[in-house]
Amino acid sequence: MPSTLIAFLGACTLVAASPGPSTVLIIKQSLHSRRSGFLTVLGNETGVFVWGLVAAFGLTALLTASEVAYDVMRVVGAVVLVAFGVQALRQARRGRAEGAEETADGWTGGGKNGWAAYRGGLLLNLANPKAAVFAMSFLPQFVPAGAPHLPTMAGLAALWAVYEVGYYGLYVWFVGRMRAVLSRAGVRRRLEQISGGVLLLLGVRLALES
């Protein structure tokens with residue numbers, strides 16, 4: 001079991017290191033405050049755990065077996081990505097950050113904005129059909145022979161989510177450390193433009209995939 005866990009955490013590291021929509025959104029939200037960035041991470045990892053549980057119960061097989069269901073999720077995911085991209089581009093155009101007043105460490109802010117950050121991370125993950133399919137193909141590989149399938153898969157899903165909280169937390173921390181540079185209006189606006197453009201392109205690509 002220890003060797004299996006080491007291999008699993010190594011695989012989780014490679015998965016988290018692969019750039020994707022969640023990474024872009026986490027960095028984007030971290031530009032506003034560490035709190036927003038971390039709550040986005042928690043929302044994203046809640047989605048990871050949910051998909052892990054769905055995979056443990058074998059329900060993601062229904063998604064892959066139904067072309068219509070997959071296409072519906074793909075279109076929904078594309079719409080969500082495009083919406084986030086457009087929102088980022090609009091923020092860049094306005095040239096000002098949204099949200100409440102922040103202190104020097106960037107941890108304060110209204111509860112409404114915190115909920116919006118968490119909800120955004122959760123929605124982006126749950127609207128991604130690839131996340132569902134990946135969880136179904138990824139987790140079973142690390143279930144030891146003879147181990148009870150459901151509790152082991154649920155445990156691995158929880159470990160995966162907790163591990164990624166720590167991993168993506170480093171992104172939030174790094175952006176916070178670079179705050180003196182990133183808080184400059186021109187730099188922040190350019191980063192909003194880049195993140196918005198990337199999310200928009202990812203949404204269009206997802207919509208066009210067959």
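Predicted model only: the values in this text are computed from it and were never measured. Numbers for residues simply follow the sequence, beginning at 1.
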Rounded to the nearest 0.5 Å, how far apart are [atom1] of [X] and [atom2] of [Y]?
| X | Y | atom1 | atom2 | result |
| --- | --- | --- | --- | --- |
| W51 | M136 | CH2 | CE | 11.0 Å |
| L31 | M178 | CG | CE | 11.0 Å |
| L42 | L122 | CG | CG | 11.0 Å |
| R119 | T46 | CZ | OG1 | 14.0 Å |
| K28 | S36 | NZ | OG | 9.0 Å |
| L39 | S33 | CG | OG | 8.0 Å |

Requested in this report: Take F8 and L139, measure what side-chain contact (heavy atoms from CB on, under 4.5 Å) needs, and give me the verdict at the end.
Outcome: CA-CA 9 Å; F8 178 69; L139 292 176; 3.8 Å; yes
With a 4.5 Å cut-off on side-chain heavy-atom distances among I, L, V, M, F, W and Y, is there a chain of contacts connecting [X] to [Y]?
| X | Y | answer |
| --- | --- | --- |
| L89 | I27 | no |
| V82 | L25 | no |
| V75 | V204 | no |
| V54 | F57 | yes |
| Y171 | V162 | no |

What's the shortest heavy-atom distance between [X] and [Y], and which atoms?
| X | Y | value |
| --- | --- | --- |
| A127 | V80 | CB-CG2, 3.9 Å |
| N125 | G47 | OD1-C, 3.3 Å |
| P140 | A135 | CD-O, 3.8 Å |
| A78 | G203 | CB-O, 3.3 Å |
| A154 | A56 | N-CB, 4.3 Å |
| Y167 | A16 | CD2-CB, 3.6 Å |

Taking the side chain as everything from C-beta on, heavy atoms only, tell me whether [X] gets closer than 4.5 Å to [Y].
| X | Y | answer |
| --- | --- | --- |
| L81 | R205 | no |
| E164 | V48 | yes |
| L124 | N44 | no |
| F84 | L200 | no |
| W160 | L9 | no |

Could you check whether the rings of F138 and F134 sit parallel, tilted or perpendicular, using 30° and 60° as the cut-offs?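 Geometry flag for F134 against F138: parallel rings.
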From the list L5, T152, L156, side-chain contact (heavy atoms from CB on, under 4.5 Å) partner of F142 resolves to L156
*Would you tell me whether T13 and Y163 have side-chain atoms, one donor and one acceptor, within less than 3.5 Å of each other?*
yes
(Q) Do T40 and Y168 pair up side chain to side chain, a donor and an acceptor below 3.5 Å, judged on atom types alone? (A)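 Short answer, no.
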Practice item. Would you mind listing the cluster partners of L53? Hydrophobic ones only (ILVMFWY), side-chain contacts under 4.5 Å, chaining allowed. Key: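 Taking Ile, Leu, Val, Met, Phe, Trp and Tyr as members, L53 shares its hydrophobic cluster with F49.
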